[in-house]
Amino acid sequence: MDHAKLKLDELNRLSVEEFKNTPKADIIFVLDNIRSAQNIGSIFRTSDAFNISAICITGISATPPNKEMLKTALGSTESVDWKYYPEALQCVRELKASGYTIISVEQTANSTKLHEFTPQKKGKYALVMGNEVEGVDQQIINESDIILEIPQFGTKHSLNVAVSAGMVLWDVYQKMFLGR
């Protein structure tokens, strides 16, 4: 069995133009006042990997071309569509009016555990990721259709927002598109 690492030219990478012209997964990230530009850059990179529709950046969150963001985004700010909103609530309400199911990733009294969530195969989902300290704003939680929680078993019950975004996107994506 050959386990040789693939070289960069063997990865069949799309150009930015090819990426822009491919059909997208009907998933959008909403970044609710994310403080760290590096976390935002990481979420851009993950969004590119899973070919999602867009990222909505809100409030105090940095927008491209932020130097700290570009360190982790590795060019994905050019491939992934994004839009800035001064207020996350406005963004969420627009997405909801456009037929998106609003999913906040947060720990609440009645949250659904990530592994118990089954997305619709042809659903439209907006995944709201909250501030690194305060989490998702309560007004956004109140507007949400679903609250997803990543089960945790250690002492902190806190994950980095970019790590959480990757975990949730992988879980939703594979259930929607990879038949799991």
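We count residues from 1, following the sequence as given. Computed from a predicted model, the values in this text were never measured in an experiment.
- Of all heavy-atom pairs spanning Ile57 and Ser61, the tightest one is CG2-CB, 3.3 Å.
- Ring geometry for Trp82 versus Phe44: interplanar angle over 60°, hence perpendicular rather than tilted (30 to 60°).
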Inset, instruction - Decide side chain to side chain contact (heavy atoms under 4.5 Å, CB included) for Ile27 and Phe50; before the verdict, give the C-alpha distance in whole Å, the side-chain angles of both, and the deciding distance to 0.1 Å. - result: CA-CA 9 Å; Ile27 301 170; Phe50 291 98; over 6 Å; no
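- Taken together through direct or relayed side-chain contacts under 4.5 Å among Ile, Leu, Val, Met, Phe, Trp and Tyr, Ile28 and Phe19 form parts of separate hydrophobic clusters.
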Inset, instruction - Any chance you could lay out the side chain to side chain contact (heavy atoms under 4.5 Å, CB included) test for Ile146 and Ile102, step after step, and finish with the verdict? - result: CA-CA 6 Å; Ile146 299 166; Ile102 307 302; over 6 Å; no
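- Here the straight-line distance linking atom CG of Asn160 with atom CD of Gln38 works out to 10.0 Å at 0.5 Å rounding.
- Within the 4.5 Å cutoff, no side-chain heavy atoms of Met129 are placed close to those of Val136.
- For residues 23-32, every residue pair satisfying the side chain to side chain donor-acceptor pair (under 3.5 Å) rule, not counting sequence neighbours, is listed here: Thr22-Lys24, Lys24-Asn51, Asp26-Tyr100.
- No donor-acceptor distance shorter than 3.5 angstrom exists from the side chain of Lys121 to the backbone of Phe177, with no hydrogens or angles considered.
- Between Ala62 and Ala37, the closest heavy-atom pair is CB-CB, 4.0 Å.
- In this structure, Lys175 contributes its side chain and Trp170 its backbone to no donor-acceptor pair below 3.5 Å.
- Not a single salt bridge (Lys or Arg N to Asp or Glu O under 4.0 Å) links Glu134 to another residue, sequence neighbours left out.
- Atom CD of Glu10 sits in a crowded spot, with more than 12 heavy atoms from other residues, nucleotides or ligands closer than 6.0 Å.
- Proximity of Ser104 to Leu148: side-chain heavy atoms (C-beta onward) are nowhere separated by under 4.5 Å.
- The minimum heavy-atom distance between Thr46 and Gly166, with the atom names listed, is CG2-CA, 3.9 Å.
- Tyr84 contributes atom OH, which lies 8.0 Å from atom OG1 of Thr63 (distance to the nearest 0.5 angstrom).
- No path of Ile, Leu, Val, Met, Phe, Trp and Tyr side chains, each step under 4.5 Å between heavy atoms, connects Ile141 with Tyr125, placing them in separate hydrophobic clusters.
- Counting only distance, with no hydrogens or angles, the side chain of Ser144 and the backbone of Ile147 share no donor-acceptor pair below 3.5 Å.
- A distance of 5.0 Å separates CZ in Phe29 from OG in Ser47, rounded to the nearest 0.5 Å.
- Hydrophobic clustering of Ile, Leu, Val, Met, Phe, Trp and Tyr side chains at less than 4.5 Å, counting indirect connections, unites Val168 with Ile52.
- Gln107 and His157 get closest at one heavy-atom pair: NE2-O, 3.1 Å.
- Distance CG/Asn33 to CZ/Arg35: 11.0 Å, rounded to 0.5 Å.
- Rounded to the nearest 0.5 Å, atoms NZ (Lys71) and OG (Ser42) are 14.0 Å apart.
- Between Lys20 and Asp81 the shortest side-chain heavy-atom distance falls below 4.5 Å.
- Val92 is not connected to Val172 by any chain of hydrophobic side-chain contacts under 4.5 Å among Ile, Leu, Val, Met, Phe, Trp and Tyr, and they are in different clusters.
- Counting all heavy atoms, side chain and backbone alike, Leu159 lies closest to Met167 at CD1-SD, 3.9 Å.
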Legend entry - CA sep, side-chain torsions, deciding dist, call: Val105, Val128, side chain to side chain contact (heavy atoms under 4.5 Å, CB included): CA-CA 6 Å; Val105 179; Val128 182; over 6 Å; no
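- Counting non-hydrogen atoms of neighbouring residues, nucleotides and ligands closer than 6.0 angstrom, the CD atom of Glu78 reaches no more than 12 such neighbours.
- Residue Gln120 places its CD atom among 12 or fewer non-hydrogen atoms of other residues, nucleotides or ligands, all under 6.0 Å distant.
- Side-chain polar atoms of Ser79 and Asp48 form a donor-acceptor pair below 3.5 angstrom.
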Inset, instruction - Quick one: do Asn39 and Leu31 satisfy side chain to side chain contact (heavy atoms under 4.5 Å, CB included)? Show the steps, please. - result: CA-CA 10 Å; Asn39 281 335; Leu31 306 184; over 6 Å; no
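- A continuous path of hydrophobic side-chain contacts links Leu178 to Leu169 [ILVMFWY only; heavy atoms under 4.5 Å].
- Summarising the local packing, CD of Glu87 is surrounded by 12 or fewer heavy atoms from other residues, nucleotides or ligands at distances under 6.0 Å.
- One side chain, Glu94 or Tyr85, offers a donor N or O that lies under 3.5 Å from an acceptor on the other.
- For the atom pair OG of Ser164 and CD of Glu149, the computed distance is 10.5 Å after rounding to the nearest 0.5 Å.
- The two residues Leu95 and Ala126 come nearest to each other via the heavy atoms CD1-CB, 3.8 Å.
- The shortest side-chain heavy-atom distance between Thr58 and Val30 falls under the 4.5 Å cut-off.
- Ser36 is listed as a side-chain neighbour of Glu132, based on a closest heavy-atom distance under 4.5 Å.
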